[in-house]
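Written out below as structure tokens is the structure these notes cover.
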Amino acid sequence: ECSHLRDTDLLSIGEVVRDGGGAVVTLTIVDEGTGLEFPLQMRMEKGDAGWQIVRMVNYRAYLEAVQTAAGRDISLYIEATRPIVDRYNGVFRSNQNEFHRLTATARGTYTTERRDALISLLRNDMIPVLKKYQRELDTVEVPRGAAYLAAQRKAATEASIAAYESFVKGLDSGLPEDFARAETLHKKALTYDLRVGDMIRRGAVSAETPATP
């Protein structure tokens with residue numbers, strides 16, 4: 001993940017410059033995540049087993065170039081989706097506060113009135129709002145370097161929807177496994193959310209920090 005080797009492909013082998021007992025070959029590579037092409041220089045030396053690569057000369061520069069390109073795309077995506085996120089955040093907080101109020105019970109059981117209120121909140125408010133939120137996000141064009149961020153954000157929303165649907169099922173059935181599945185899905189959604197938050201923070205730092213000379 002950090003090396004970007006998973007997303008790096010070889011496009012072509014270019015010039016080879018000999019230097020005494022060694023040589024430097026330039027490879028044109030591409031980062032599939034951003035579409036960035038880069039001339040990667042490989043230091044080679046000749047030994048008993050023949051020519052071998054001993055060092056990637058400008059690999060750090062490649063990583064910094066990819067980080068800059070991805071950070072730029074992520075910033076564009078964040079700005080494009082900010083109005084949607086800002087518009088829904090208040091609704092999400094209000095719904096979640098009401099959900100926590102209704103689920104706050106020392107015995108872990110619900111009265112019929114509270115159960116009905118929870119089902120109504122989830123079916124009529126929380127789930128439909130999450131689906132509408134994701135539909136609006138899906139209309140935003142995603143820059144290539146922000147595709148992973150957009151996918152993680154969507155996965156978080158879908159996991160939250162599935163968690164609430166399983167919780168409603170548990171309220172209807174009374175089966176512990178439905179509540180357990182809801183809890184598992186909720187934890188998965190939180191994991192996605194943390195990943196999204198980390199990517200946004202790193203993108204912001206990348207946009208503000210100059211490349212290391």
Side-chain angles (χ1 to χ4, degrees), residues 1-16 24-44 52-89 92 130-163 184-213:
E1 185 71 24
C2 293
S3 70
H4 282 281
L5 288 177
R6 183 187 64 184
D7 301 319
T8 300
D9 282 335
L10 174 67
L11 292 181
S12 63
I13 300 175
E15 183 183 20
V16 178
V24 174
V25 58
T26 299
L27 309 178
T28 300
I29 59 175
V30 59
D31 172 62
E32 294 291 352
T34 61
L36 174 77
E37 294 185 16
F38 189 86
L40 185 66
Q41 296 178 325
M42 314 289 280
R43 176 69 183 176
M44 304 182 70
Q52 291 183 323
I53 295 171
V54 295
R55 184 163 64 93
M56 291 185 284
V57 179
N58 57 342
Y59 185 58
R60 180 174 179 176
Y62 168 60
L63 294 181
E64 290 176 345
V66 170
Q67 185 181 45
T68 299
R72 184 168 55 247
D73 283 357
I74 287 172
S75 294
L76 289 172
Y77 174 69
I78 291 170
E79 287 305 310
T81 58
R82 190 183 303 279
I84 298 172
V85 174
D86 289 347
R87 191 166 66 252
Y88 279 91
N89 271 344
F92 291 151
L130 282 168
K131 289 181 177 180
K132 186 179 179 183
Y133 166 72
Q134 188 57 52
R135 283 196 300 270
E136 291 194 29
L137 286 179
D138 289 341
T139 66
V140 177
E141 183 178 354
V142 181
R144 190 168 179 173
Y148 185 66
L149 170 59
Q152 294 299 296
R153 180 181 268 175
K154 184 170 185 175
T157 304
E158 291 178 343
S160 293
I161 292 170
T184 298
L185 288 165
H186 177 63
K187 289 178 180 177
K188 184 179 292 187
L190 290 177
T191 299
Y192 287 130
D193 277 334
L194 288 171
R195 195 173 298 161
V196 167
D198 183 57
M199 291 178 68
I200 290 174
R201 283 190 295 273
R202 284 192 284 116
V205 170
S206 175
E208 296 174 1
T209 305
T212 304

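This chain uses plain numbering: 1 for the first residue, then up along the sequence.
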Which pair of heavy atoms, one from [X] and one from [Y], lies closest together, and at what distance?
X	Y	value
Asn58	Gln41	OD1-N, 2.8 Å
Val140	Ala80	CG1-CB, 3.8 Å
His186	Ala163	N-CB, 3.7 Å
Leu130	Ser160	CD1-CB, 4.1 Å
Gly145	Asp73	N-OD2, 2.8 Å
Glu141	Tyr77	O-CD1, 4.4 Å

Nearest 0.5 angstrom please: [X] [atom1] to [Y] [atom2], how far?
X	Y	atom1	atom2	value
Arg195	Leu190	CZ	CG	12.0 Å
Leu149	Met199	CG	CE	4.5 Å
Leu194	Gln152	CG	CD	11.5 Å
Asp138	Glu136	CG	CD	10.0 Å
Ile74	Arg72	CD1	CZ	11.5 Å
Lys188	Asp193	NZ	CG	13.5 Å

Using the ring of each side chain (for Trp, its six-membered ring), is Phe92 parallel, tilted or perpendicular to Tyr133, with breaks at 30° and 60°? perpendicular
Around atom CD1 of Ile13, are there more than 12 heavy atoms of other residues, nucleotides or ligands at under 6.0 Å?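 No, CD1 of Ile13 has 12 or fewer neighbouring heavy atoms, counting only those of other groups under 6.0 Å.
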Quick one: does [X]'s side chain get under 4.5 Å of [Y]'s, heavy atoms only?
X	Y	value
Val24	Met44	no
Lys131	Ile161	yes
Glu64	Tyr59	no

Could you tell me whether the side chains of [X] and [Y] share a donor-acceptor contact shorter than 3.5 Å?
X	Y	result
Thr81	Arg153	yes
Thr157	Gln134	yes
Glu158	Tyr192	no

With Leu40, which of Val57, Leu10, Ile29, Thr8 fulfils side-chain contact (heavy atoms from CB on, under 4.5 Å)? Ile29
For Thr139 and Arg135: C-alpha separation, side-chain torsions, deciding distance, then whether side-chain contact (heavy atoms from CB on, under 4.5 Å) applies. CA-CA 7 Å; Thr139 66; Arg135 283 196 300 270; 6.0 Å; no
For Glu32, is there an ion pair with Arg6 - N to carboxylate O distance below 4.0 angstrom? no
Could you walk me through whether Leu11 and Glu37 satisfy the side-chain contact (heavy atoms from CB on, under 4.5 Å) test, starting with their C-alpha distance in whole Å, then the side-chain angles of each, then the deciding distance to 0.1 Å, before giving a yes or no? CA-CA 9 Å; Leu11 292 181; Glu37 294 185 16; 3.6 Å; yes
Check whether any side-chain N or O of Asp31 sits under 3.5 Å from a backbone N or O of Ala69 as a donor-acceptor pair, and report yes or no.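 Checked: no pair found.
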